[in-house]
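Numbering of ligands and ligand atoms starts at 1, following listing order. The structure displayed is predicted, hence computed values, not measured ones.
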Amino acid sequence: MASSRPDSRQPRPKVSGRVAGIAVLACFVAGCVPGVPVPLSPGGGVVTSQLEGADRVAVAISASTQLSARGAVPVVYLVAANPDSEAAAAAPAAALEGGAILHAGATALAPAVATELARLAPDRVEIVGGTSTIGKAVVGQVSSLLGEGASVERIAGRTAPETAALLSAGLFAPSAPIAFVASADAYFDALVAASAAANVKAPLLLVTRDTLPSSTAAELRRLSPDRLIVVGGKSAVSEAVLAGLRTVVPVVEQISGSDRYSTAAAVATKLFAGAESVLATAGTADLGALAAIPLVAGVAPDGTPLLLTQPGEQLPVATRDALMALEPAFICIAGPLPPLIRGELIGYSDGRLGLPVETATYPALDSGWHEPGELYTVIKATEIAYPSLVSVFSIGKSAEGRDIWAAKISDNVSIDEDEPEVLVDALHHAAEHLGVEQALYLLNTLTSGYATDKEIRRLVDSREIWIIFAVNPDGWVYDISGGEYHWWRKSRQHNFNNPNLGVDLNRNYSYMWGCCGGSDSRVWAWNYRGPEPFSAPETRAVANFVAGRVVNGEQQIKTHVTLHSHGEMVLYPMSYTLQRLPSDMDPTDYSVFQAMARKMAATNGYKAQQSSQQYPTDGDEIDWMYATYRIFSFTFELYPTEEQAGKGIVYPSDDVIARQTARNRSALLYLIDAAACPYAAIGKAAQYCAAVAASPSG
Ligand code: 3K0
Ligand code: CA
Ligand code: CA
Ligand code: ZN
């Protein structure tokens with residue numbers, strides 16, 4: 001809350017006729033800016049505009065620059081550099097006057113702000129807050145910057161509510177249709193209220209949680225609005241204060257949610273249901289939203305409400321729901337946001353996200369895992385954030401009709417370039433959740449690292465990388481259904497004339513299917529192979545996808561890893577037999593498998609061995625990959641070791657995810673690199689990969 005201010009409270013001339021007089025801006029806004037819109041994705045219908053700047057001081061300069069592109073800026077409101085609710089109350093005033101907001105330090109203007117203020121050359125500067133917020137030196141600096149012609153005034157009460165009342169009194173005519181109130185102690189509520197007020201040319205007044213300041217009550221009496229909207233819940237504005245407000249204004253509505261995100265979402269959907277544009281900003285620290293409000297307010301006919309994002313890779317549920325409800329065509333993003341958050345904002349607003357919602361959730365203590373319903377959101381948001389590098393698609397449907405989501409990662413991703421291809425897949429086995437996290441880790445590594453990491457860039461530019469995130473989505477959903485674990489391994493396909501569900505998908509591939517005791521013919525068995533090879537739609541989808549990578553008679557995929565858990569092992573074919581060199585294993589290839597497995601194991605600390613040394617399995621994926629296409633195909637058994645956990649299904653805590661996925665970074669990058677010439681692992685690139693040997697980077 002603002003401290004008391006020993007400051008002058010000079011009366012200032014009322015600006016007459018402003019409410020009616022604001023010019024309707026002639027140009028229709030595209031995101032933040034009328035002018036050249038920048039579509040992020042050629043296919044998408046949403047236009048985003050980014051207000052650039054590392055901090056709110058810089059973002060405010062971006063906003064005022066864009067505002068001034070529409071015409072002269074008559075007034076600049078100079079507000080504190082730190083988020084402050086009395087500054088929030090300046091936003092509706094600035095919006096009403098077609099003015100800009102810039103931030104001032106306590107003792108000086110930042111050089112860039114001084115430059116911008118001089119460039120704008122407004123007729124008037126309003127300094128919001130007392131001398132402890134913006135000192136006299138700043139007033140002097142502003143006066144000398146702008147010279148004689150400009151008036152420099154200060155609007156400051158002893159408290160933030162008093163300042164807000166002065167701002168309102170100076171500008172807003174009585175008999176207002178609507179006014180807003182928020183708590184001076186809840187900055188983001190005040191920001192949301194400021195945005196809403198600015199959109200409808202209404203004032204924002206402030207209270208505290210437990211008091212209705214007399215200045216606020218007096219100003220409300222003067223305004224006598226038909227409708228008063230209080231933004232924030234009972235914890236921000238108490239019952240007593242609400243009751244006090246009702247004695248002043250007959251119709252008081254409270255709009256709130258359980259947190260700032262849902263409060264913003266509620267204001268957006270309740271008051272701006274027809275909005276075609278939204279303003280989005282970080283909800284943890286105001287990195288520029290305040291100054292964006294006067295830029296966007298009043299331009300789009302149905303308003304531009306404010307929505308808030310949180311850190312991490314996903315939007316708050318309330319923000320997501322509001323976007324799905326509004327489906328805005330324009331998004332103005334104020335300040336820096338992570339690429340995936342931008343991607344999700346855009347995806348939800350243009351309907352590319354949000355259709356099939358999977359509701360199965362992990363037990364509360366394990367909320368760090370990506371849930372089945374979040375998988376598509378995250379990968380699609382990544383595609384939207386990196387449209388030239390990522391393409392999301394489904395390889396087919398599971399037995400219960402779920403999509404089996406995949407992504408291609410490469411430069412020029414929409415083109416099938418002649419580049420070595422790599423396949424990574426995860427979650428054949430329902431309970432092996434860490435594989436999905438590993439696959440998402442790889443997607444994130446390849447995209448977020450692309451701009452800054454030379455090695456990532458080289459690999460993404462020179463390879464085509466395919467990731468299938470969850471081969472067994474039905475089993476996954478079942479395994480966590482009801483918020484508890486079900487120790488499930490197989491798919492969920494119905495078996496003929498038998499109540500037991502599912503097939504062990506890693507026994508259902510056609511190569512050496514059921515040959516050798518490495519699977520079970522009994523439907524209830526944990527490693528039931530199914531009634532025939534490829535009886536499962538999931539394995540058929542994988543096989544069809546891989547078959548589709550044969551181009552001009554050549555299988556493009558050169559290396560592959562399937563992510564399982566657990567055991568901390570790197571496994572290679574053959575799986576069906578204990579023999580190292582059965583007739584279907586080329587001895588040179590075997591030495592390549594061994595060398596590659598050892599190289600990868602050396603980076604992640606896993607154990608490298610032939611798959612059958614763990615136990616023989618028949619009809620598994622890696623034997624099929626190698627026997628059918630000579631793909632250098634591996635199984636990673638992820639964290640933990642069998643010594644740590646025993647055999648069977650384990651459910652590690654979510655706090656292992658970050659470390660245990662990062663642990664495989666080098667091994668996965670090696671596998672991607674090796675696709676150019678697996679034989680390089682045994683020093684035989686020249687013999688086996690002539691073209692590659694000539695250009696070592698592939
Ligand atoms: O290729 C393989 O041998 C895979 C081993 C895998 C399986 O299918 O039995 N082990 S797991 O089930 O513990 N992930
Ligand atoms: Ca490419
Ligand atoms: Ca290709
Ligand atoms: Zn497995």
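Between Tyr509 and Trp624, the two ring planes are tilted [angle within 30° to 60°].
Salt bridge absent: Lys397 and Asp474 never bring a charged side-chain N and a carboxylate O closer than 4.0 Å. Remark: Asp520 does not engage Arg507 in a salt bridge, criterion side-chain N to carboxylate O under 4.0 Å.
At least one N, O or S atom of Ser410, from either the backbone or the side chain, sits less than 3.0 Å from the Ca ion (ligand 2). With a cut-off of 2.8 Å, the Zn ion (ligand 4) has an N, O or S atom of His429 in range. Look at Glu432 and the Zn ion (ligand 4): an N/O/S atom of the residue is under 2.8 Å from the metal. At a cut-off of 3.0 Å, Asp461 is not counted among the residues with an N, O or S atom near the Ca ion (ligand 2). The Ca ion (ligand 2) has Glu417 among its coordinating residues (N/O/S atom, backbone or side chain, under 3.0 Å).
Among heteroatoms of the N, O or S kind in Glu419, OE1 lies nearest the Ca ion (ligand 2). Minimum-distance N/O/S atom of Glu421 relative to the Ca ion (ligand 3): OE2. The closest approach of Glu464 to the Ca ion (ligand 3), by N/O/S atoms, is made by OE1. The atom name of the N/O/S atom in Asp416 closest to the Ca ion (ligand 3) is OD1. Checked against the Zn ion (ligand 4), the N, O or S atom of His564 at the shortest distance is ND1.
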Side chain to side chain donor-acceptor pair (under 3.5 Å) assessment of Tyr670 paired with Asn604: CA-CA 11 Å; Tyr670 169 77; Asn604 58 15; over 6 Å; no

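For the ring pair (Phe, Tyr, Trp, His ring centres under 6.0 Å) with Tyr590, the qualifying choice from Tyr572, Tyr626, Phe632 is Tyr572, the only one to do so.
Listed by chain and residue number, nothing satisfies the ring pair (Phe, Tyr, Trp, His ring centres under 6.0 Å) test with Tyr615 (two or more places apart in sequence, or in another chain).
Between Tyr376 and Phe469, the ring center distance fails the sub-6.0 Å criterion.
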